[in-house]
2 protein chains.
Amino acid sequence: MSDGPWLSKDELASWMRLVAVLELLPGVLDSQLRRDDGLMHFEYFVLAMLSEAPDRTLQMRDLAARTNATLPRLSHVVRRLEERGLVARTPCPQDRRATNASLTDTGWAAVRAAAPGHAATVREYVIDALSPEQVDQLKGISAAILSRLDPQGTMAPAYTRYDG
Amino acid sequence: MSDGPWLSKDELASWMRLVAVLELLPGVLDSQLRRDDGLMHFEYFVLAMLSEAPDRTLQMRDLAARTNATLPRLSHVVRRLEERGLVARTPCPQDRRATNASLTDTGWAAVRAAAPGHAATVREYVIDALSPEQVDQLKGISAAILSRLDPQGTMAPAYTRYDG
DNA sequence: AGAGATTGATTGACGCTACAAGCAATACGG
DNA sequence: CCGTATTGCTTGTAGCGTCAATCAATCTCT
């Protein structure tokens with residue numbers, strides 16, 4: 001039942017549900033962060049990646065890789081975050097073409113303030129909906145899909161950080 | 001290990017991978033449809049929902065529910081699809097406030113032309129990355145998450161269609 | 001039947017993302 | 001070395017999504 005491009009009925013039932021999750025979940029995450037912390041989910045993700053980096057600093061290029069952003073997109077986002085005082089950009093000493101983005105103290109405080117509410121949302125809509133076995137299955141399924149979506153492991157620094 | 005808002009290490013490992021999938025997968029779907037068929041994934045989804053409806057027609061309100069679109073967003077999208085000849089809008093006879101969106105023959109042909117390539121992409125990046133057991137687990141996991149994201153079953157017509 | 005509230009849909013303005021072009025610094029090849 | 005290509009990033013433009021405002025039609029209550 002897995003010949004040709006078409007999907008079997010069981011595969012379709014699985015896929016359609018995943019599509020619905022893809023449609024609904026980002027909106028829920030965005031709404032909560034936007035309402036409670038004035039951040040889009042992608043902005044929160046950028047700040048979170050910086051907060052976990054050495055010196056809370058990453059080169060734009062590396063930050064773009066971890067967040068799956070194009071460099072233009074990241075440039076716009078970081079400029080806006082800088083205008084709000086959450087991030088600072090400094091020229092990279094090693095390579096004068098490069099720019100380092102650093103989390104400011106204000107940005108660090110913003111991430112720490114936003115994290116509990118965000119985690120609670122993730123728990124409410126995802127983790128607490130699943131059994132412990134399903135949480136484990138989800139890790140395996142996501143990892144398998146990521147091996148196709150991200151074969152080079154470009155985003156791996158973002159998602160392998162909490163592995164045992 | 002599931003008290004308080006914080007996530008355990010295992011839960012985080014699972015969640016971070018799902019976040020990466022949420023970042024990467026929509027882009028892959030969009031790129032393929034855009035490149036091969038000149039459609040965004042959301043446009044394809046709208047056309048697909050219409051193609052499965054009786055008379056290939058749905059009231060804007062129902063179409064918005066199935067696709068998780070706000071009515072303004074759907075209005076813009078349908079206007080553009082209508083300008084391209086893929087969809088036709090007609091006043092609803094029963095309720096003169098309402099508008100029916102119908103798939104034209106051109107739109108029907110466009111969906112049918114796009115479907116195989118789209119299905120192949122889904123297979124390549126998702127289904128074929130998983131074992132049959134994982135495909136089944138994914139259905140259960142997605143259904144559990146949807147029970148939280150969509151407790152009213154607003155999108156259910158879209159994702160229960162292929163259930164045995 | 002009439003006033004007010006609700007529903008269904010459209011429109012316009014603004015913000016974010018993708019794409020293309022551009023500039024500066026570095027690496028490479030003769 | 002010098003010229004070219006490549007890398008890293010920024011800027012400008014166009015397109016899509018969101019929100020608020022708007023309008024028409026329907027429903028509700030008396």
Side-chain angles (χ1 to χ4, degrees), chain A residues 22-35 38-47 57-84 86-102 154, chain B residues 22-35 38-47 57-84 86-102 154:
Chain A
L22 291 175
E23 283 291 338
L24 292 164
L25 190 47
V28 169
L29 301 177
D30 260 333
S31 296
Q32 182 272 323
L33 283 167
R34 178 111 167 141
R35 171 170 48 84
L39 291 169
M40 296 184 306
H41 178 254
F42 182 73
E43 294 175 327
Y44 175 83
F45 197 60
V46 165
L47 297 178
T57 299
L58 283 172
Q59 201 170 322
M60 292 291 283
R61 184 186 183 287
D62 297 330
L63 186 54
R66 276 173 173 73
T67 58
N68 189 42
T70 60
L71 230 23
R73 177 186 181 188
L74 185 63
S75 185
H76 287 304
V77 170
V78 167
R79 175 178 47 71
R80 291 189 291 258
L81 292 174
E82 188 174 36
E83 287 167 358
R84 295 164 60 182
L86 304 179
V87 166
R89 278 185 293 189
T90 55
C92 175
Q94 283 77 25
D95 185 339
R96 289 191 305 176
R97 291 172 299 183
T99 304
N100 286 334
S102 306
T154 304
Chain B
L22 291 175
E23 283 292 339
L24 292 163
L25 190 46
V28 168
L29 301 178
D30 260 334
S31 296
Q32 183 272 324
L33 282 168
R34 178 109 166 140
R35 172 170 47 84
L39 291 169
M40 296 184 305
H41 177 254
F42 182 73
E43 292 175 328
Y44 174 83
F45 196 60
V46 166
L47 297 179
T57 299
L58 283 173
Q59 203 169 322
M60 291 291 283
R61 184 187 186 286
D62 297 330
L63 186 54
R66 277 172 172 74
T67 58
N68 187 43
T70 59
L71 229 24
R73 177 186 183 188
L74 186 63
S75 186
H76 287 306
V77 169
V78 168
R79 176 178 45 74
R80 292 189 290 260
L81 292 174
E82 189 173 37
E83 287 166 359
R84 295 164 61 183
L86 304 179
V87 166
R89 278 186 292 190
T90 54
C92 174
Q94 283 77 26
D95 185 340
R96 289 192 304 173
R97 292 171 298 184
T99 304
N100 285 334
S102 306
T154 305

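Lettering follows sequence order; numbering is per chain, from 1.
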Inset, instruction - Keeping the roles fixed (side chain from A:Asp30, backbone from A:His41), state whether a donor-acceptor pair exists under 3.5 Å. - result: yes
Legend entry - Atom pair CZ (A:Phe42) and CG (A:Leu74), whose distance is rounded to the nearest 0.5 Å: 6.0 Å
Inset, instruction - Starting from C1' on C:dA9, measure out to CG on B:Asn100 and report it in whole angstrom. - result: 12 Å
Inset, instruction - Answer with yes or no whether the side chains of B:Arg73 and B:His76 bring together a donor and an acceptor at under 3.5 Å. - result: no
Legend entry - Under 3.5 Å: donor-acceptor pair, side chain of B:Ser31, backbone of B:Gly27: yes
Legend entry - Presence of B:Thr99 side-chain N/O under 4.0 Å of C:dT10 phosphate oxygens OP1/OP2: yes
Inset, instruction - Output all residues satisfying side-chain hydrogen bond (donor to acceptor under 3.5 Å, both in side chains) with B:Thr99, sequence neighbours left out; order by chain, then residue number. - result: none
Legend entry - Interatomic distance where CZ belongs to B:Phe45 and P belongs to D:dC16 [whole Å]: 19 Å
Legend entry - Interatomic distance, B:Leu71 CG vs D:dT22 P [rounded to whole Å]: 18 Å
Inset, instruction - To the nearest 0.5 Å, tell me how far B:Arg61 CZ sits from B:Arg66 CZ. - result: 11.0 Å
Inset, instruction - To the nearest Å, give me how far apart CD (B:Glu82) and C1' (C:dA9) are. - result: 13 Å
Inset, instruction - Rounded to the nearest angstrom, tell me the gap between atom CZ in B:Arg79 and atom C1' in D:dG15. - result: 11 Å
Could you list, one pair per line, each protein nitrogen or oxygen that sits under 3.5 Å from a nitrogen or oxygen of nucleotides 25-28 of chain C, together with the distance?
residue	atom	partner	partner atom	Å
C:dT26	OP1	A:Arg96	N	3.3

Legend entry - Whole angstrom value for the distance that separates P of D:dC9 from CG of A:Leu74: 9 Å
Legend entry - Interatomic distance where CE belongs to A:Met60 and P belongs to D:dT11 [whole Å]: 10 Å
Output one line per pair: protein atom, nucleotide atom from nucleotides 12-16 of chain C, and distance, for all N/O pairs under 3.5 Å.
residue	atom	partner	partner atom	Å
C:dG12	O6	B:His76	NE2	3.1

Inset, instruction - Keeping the roles fixed (side chain from A:Gln59, backbone from A:Cys92), state whether a donor-acceptor pair exists under 3.5 Å. - result: no
Inset, instruction - From the options D:dC9, C:dG8, D:dT11, select the nucleotide whose nearest atom is closest to the side chain of B:Arg61. - result: C:dG8
Inset, instruction - Verify the contact: side-chain N or O of B:Arg89 to OP1 or OP2 of C:dA9, cut-off strictly under 4.0 Å; return yes or no. - result: no
Legend entry - Straight-line distance of B:Leu29 CG to B:Arg34 CZ, nearest 0.5 Å: 14.5 Å
Inset, instruction - Calculate, to the nearest 0.5 Å, the distance between atoms CD and CZ belonging to A:Glu23 and B:Phe45 respectively. - result: 6.0 Å
